[in-house]
Amino acid sequence: MHKRIQSILASTLVAFAMMLPATQPARTSFADELSYDPSHQALDQEQDAVGDAEDLEIELGDIPTESEAESETAEDEETLLEEVPATEDSVTVQSSDDEEQQGLEVMEVQDSVDVVNANSDDDMEVVVQETPEQDVEPSAGLQGRARTYGSTLGAWSSADTTSITLGNGKDPISQFALRPVLTGLTGNVRYRACVSNKGWLAWTTGPKTAGTSSQKIEAVRLELTGNITQDYDLYYRVKIKGKGWQGWTKNGKLAGSMRLGRAIVALEVRLVMHGDQAPELGEAFLESGLTAQGYVQNVGLQKQKTGFSVTIGTSGKSLRLEAFCLNRPANEDISGSIVYRARVQGEGWQKQKKNGALAGTKDKGRRIEAVRISLTGDLAAKYDIWYRLHVEGIGWMGWASNGASAGTQGLGLRTETMQVALVQKGGTHPASDNDATSTTFFSSTNVKYGSLVAGSWQGYKNSGKTSGTTGKSQTIAAVRMRGSVAYRIKPVGKGWTSWQKNDTQAGTAATKVEALKVKLTGEYAKYCDVWYRVHVSGIGWLSWTKNGKVAGSNGAGLTAEAYQIRITKKGANAPGSTKLPYAIKVSGDKDLDTILNTIYRTTGRSGKKSLKKAYDYVAGSRFTYFKQNLWPKGKWKTWSKSYAKEFWKNKGGNCYRYTSLMCWLALGMGYDASIYCGQVPAAAGGLAAHGWVEIRSGGTVYVVDPDLQQNIPSRNFFWQTYSGAPLAYYTPQGVELT
């Protein structure tokens, strides 16, 4: 309203009042007749009735004189009073009994004038002034208004209450505004909104709007400012679509939900004076749980998942999980982080990540093998975090929690799926009916082993490391092991001990260990293999064997000096050669048996292929032919042992030395073999003395002749019948053998 018009109305009202009798007795309170406006404070004194002024209501500021009104500029003409309600106009005046007052004095009413542009959603700040002449009781009220999604901003609510409810309880709220109605107090209310697809907007103060016209509000914070906080608290709660009313909270705390896509459909706010009965506080915020996202082979980044139990990765597709990220619940009133680490193929354990950072690798083709996840701060006090992995060749593994390792290590197995769950502190993990294992973590370092050598226990070793000594000729006296494993030993000259486990000692200080057996226990036995090998005296490292088989010297009298153990996934290839896991007694001569087992380490000793490798070994270039004593004397099993050892030591010899070593190698492989001394055609003519090996198999006698093989490499002298041999073989009397 133009100030000039205001001045004219005020002058007219004064003149009209002066026409009334000075002793007008009627007094009427206008508080009930005024249309309530938030900028007005109720007058404490009764008001004089002034003619028809009961039907007219306007808001008055400072009333200028006529001369002041005439001097108003064009700029003044654009200044607006607060919008006057369209239903009725009235003027608030106050009469005075002061005899010195000439006429009716119009009192300034400026306790709280709120200037509102009815055509705009942007409101100017509340102005609060106290009337110095009046002694008023401090009080406070609230006004509010809201916009439901897809609608317009509603009108301000009434201000005759300390409790208001915004929204209709059905439609999502997209904007809201609050403002206090204060008497004898100063301050304001400030608030902020978290809207869908955007997150938290900036703080704003009453009576400005919070939120946007195009997004739904999911969470709010409200609080008082100024000296009103000395007398009042601000309580509030929200109604969430599909979930109903949440608990009360107060003074800036979080109410609503985040990351759940659930809008607020109603907001209830109360001003409560200190000491008055207040609503009981409850769970005001609907927890979102955590969020998770996986990065999968051939798939890339998966969609984000939110909840108290989330699963990422793939199932039944044999695709590796290569990276993931986790984020904490969207509750700013709870401190703390979710922290996690990944064990990655070829890298081992990566550095710790937290709150949405990526763990693992992208575009490198590397599998995640294990994880560790934990909570910090208030999160750790309120929740436990549980997690499990679905692993190649195993399936779902057991649940781990609060920083423990889950998955596998050193087994070369890919993680395909990961499930993570937030559980109230002290609660149990989610259902595990489909668990393949109760074990949470399979590791190649599960088995730890130690040895008693030269009267002292060595420290524990694992994952292929050597326990014992090499190159020192020191024999292991006893062993002990930890982990999911059982073990037994064979002392020299004695039988096998009983199976031991749980770090129990096998052997004594006086024992000389010759061989050992190792096997896994529990679920490790189902999903893993244990490989081991022994370093024996005179030979060195023998080949690998697994799962309870013999390793070392099985009756050959060779002592164990060291051993190694490795855990692999079930069915994995051996860590190395498996041709000779244990040495055997063949001739009874310790030195010769050492030579034979040394060769078996290269050739193996199982089947005809191993026999052929042994034949090629003896007939090969590592040995050289030279003449020695012509005719051996006595039984071949007597002289052949020394001949074989001479042949090994001298790296060559005559046909009887070749034959001696070859025959004992065949015997050690289980063949029915013997040495035959006869004659063969000589290069210069006639017959020459010669020795060869005969092997009887399936009713047939076969010739095996490594000496002639070296001398005539173009012909085959291995596994030939006498009738099919490249040369004729004769008895000493010159009769041809058939």
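Basis for what follows: all heavy atoms, side chains included, without hydrogens, waters or symmetry-related copies.
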Side chains of [X] and [Y]: closer than 4.5 Å at any heavy-atom pair?
| X | Y | result |
| --- | --- | --- |
| F717 | V703 | no |
| T466 | K461 | no |
| K570 | C528 | no |

Next on the checklist: Is the positively charged end of K633 above the ring of W639, judged by distance under 6.0 angstrom from the centroid and angle within 45° of the axis?
Outcome noted: no
Checklist entry - side chain to side chain contact (heavy atoms under 4.5 Å, CB included) between F647 and S660: does it pass, once the steps are laid out? => result CA-CA 9 Å; F647 185 73; S660 294; over 6 Å; no
Item to check | side-chain hydrogen bond (donor to acceptor under 3.5 Å, both in side chains) partners of N298, counting only residues at least two apart | outcome: none
Checklist outcome for this item: Sequence neighbours excluded, the answer for side-chain hydrogen bond (donor to acceptor under 3.5 Å, both in side chains) partners of N716 is none
Mind jotting down which residue pairs meet the salt bridge (charged side-chain N to carboxylate O under 4.0 Å, His left out) criterion with at least one end in [range]? Sequence neighbours excluded, please.
| range | value |
| --- | --- |
| residues 543-566 | D529-K546 |
| residues 472-482 | R482-D503 |
| residues 604-625 | K612-D616 |

Does a salt bridge link [X] with [Y], judged by any charged N lying under 4.0 Å from a carboxylate O?
| X | Y | answer |
| --- | --- | --- |
| E392 | K569 | yes |
| K645 | D589 | yes |
| R657 | E646 | yes |

Checklist entry - Are there more than 12 heavy atoms of other residues, nucleotides or ligands under 6.0 Å from atom NZ of K354? => result no
Next on the checklist: Quick check on K641: does its NZ atom have over 12 non-hydrogen neighbours (other residues, nucleotides or ligands) under 6.0 Å away?
Outcome noted: yes
Let me confirm one number: the [atom1]-[atom2] distance from [X] to [Y], rounded to the nearest 0.5 Å.
| X | Y | atom1 | atom2 | result |
| --- | --- | --- | --- | --- |
| L580 | T598 | CG | OG1 | 8.5 Å |
| I476 | Q458 | CD1 | CD | 7.5 Å |
| R388 | S401 | CZ | OG | 14.0 Å |
| M397 | Q419 | CE | CD | 14.0 Å |
| D707 | Y656 | CG | OH | 10.0 Å |

Checklist entry - Do S374 side-chain atoms and G403 backbone N/O form a donor-acceptor pair below 3.5 Å? => result no
Checklist entry - Do K353 side-chain atoms and L358 backbone N/O form a donor-acceptor pair below 3.5 Å? => result yes
Run the ring-centre check on [X] versus [Y] and record whether the distance is less than 6.0 Å.
| X | Y | value |
| --- | --- | --- |
| Y340 | F324 | yes |
| W499 | Y487 | no |
| Y449 | Y563 | yes |
| F442 | Y524 | yes |
| F718 | Y615 | yes |

Checklist entry - So H390 and W396, would you call those rings parallel, tilted or perpendicular, with 30° and 60° as cut-offs? => result perpendicular
Checklist entry - Can you say whether the rings of W648 and F623 are parallel (under 30°), tilted (30 to 60°) or perpendicular (over 60°)? => result tilted
Item to check | Sole candidate of Q297, E416, Q345 that passes side-chain hydrogen bond (donor to acceptor under 3.5 Å, both in side chains) when paired with R320 | outcome: Q297
Checklist outcome for this item: A688 meets the side chain to side chain contact (heavy atoms under 4.5 Å, CB included) criterion, sequence neighbours left out, with A682
Checklist entry - For M669 and T603, which heavy atoms make the closest approach, and how far apart are they? => result CE-OG1, 4.1 Å
Item to check | Test log, rule side chain to side chain contact (heavy atoms under 4.5 Å, CB included), inputs I695 and W719 | outcome: CA-CA 8 Å; I695 296 179; W719 205 261; 3.8 Å; yes
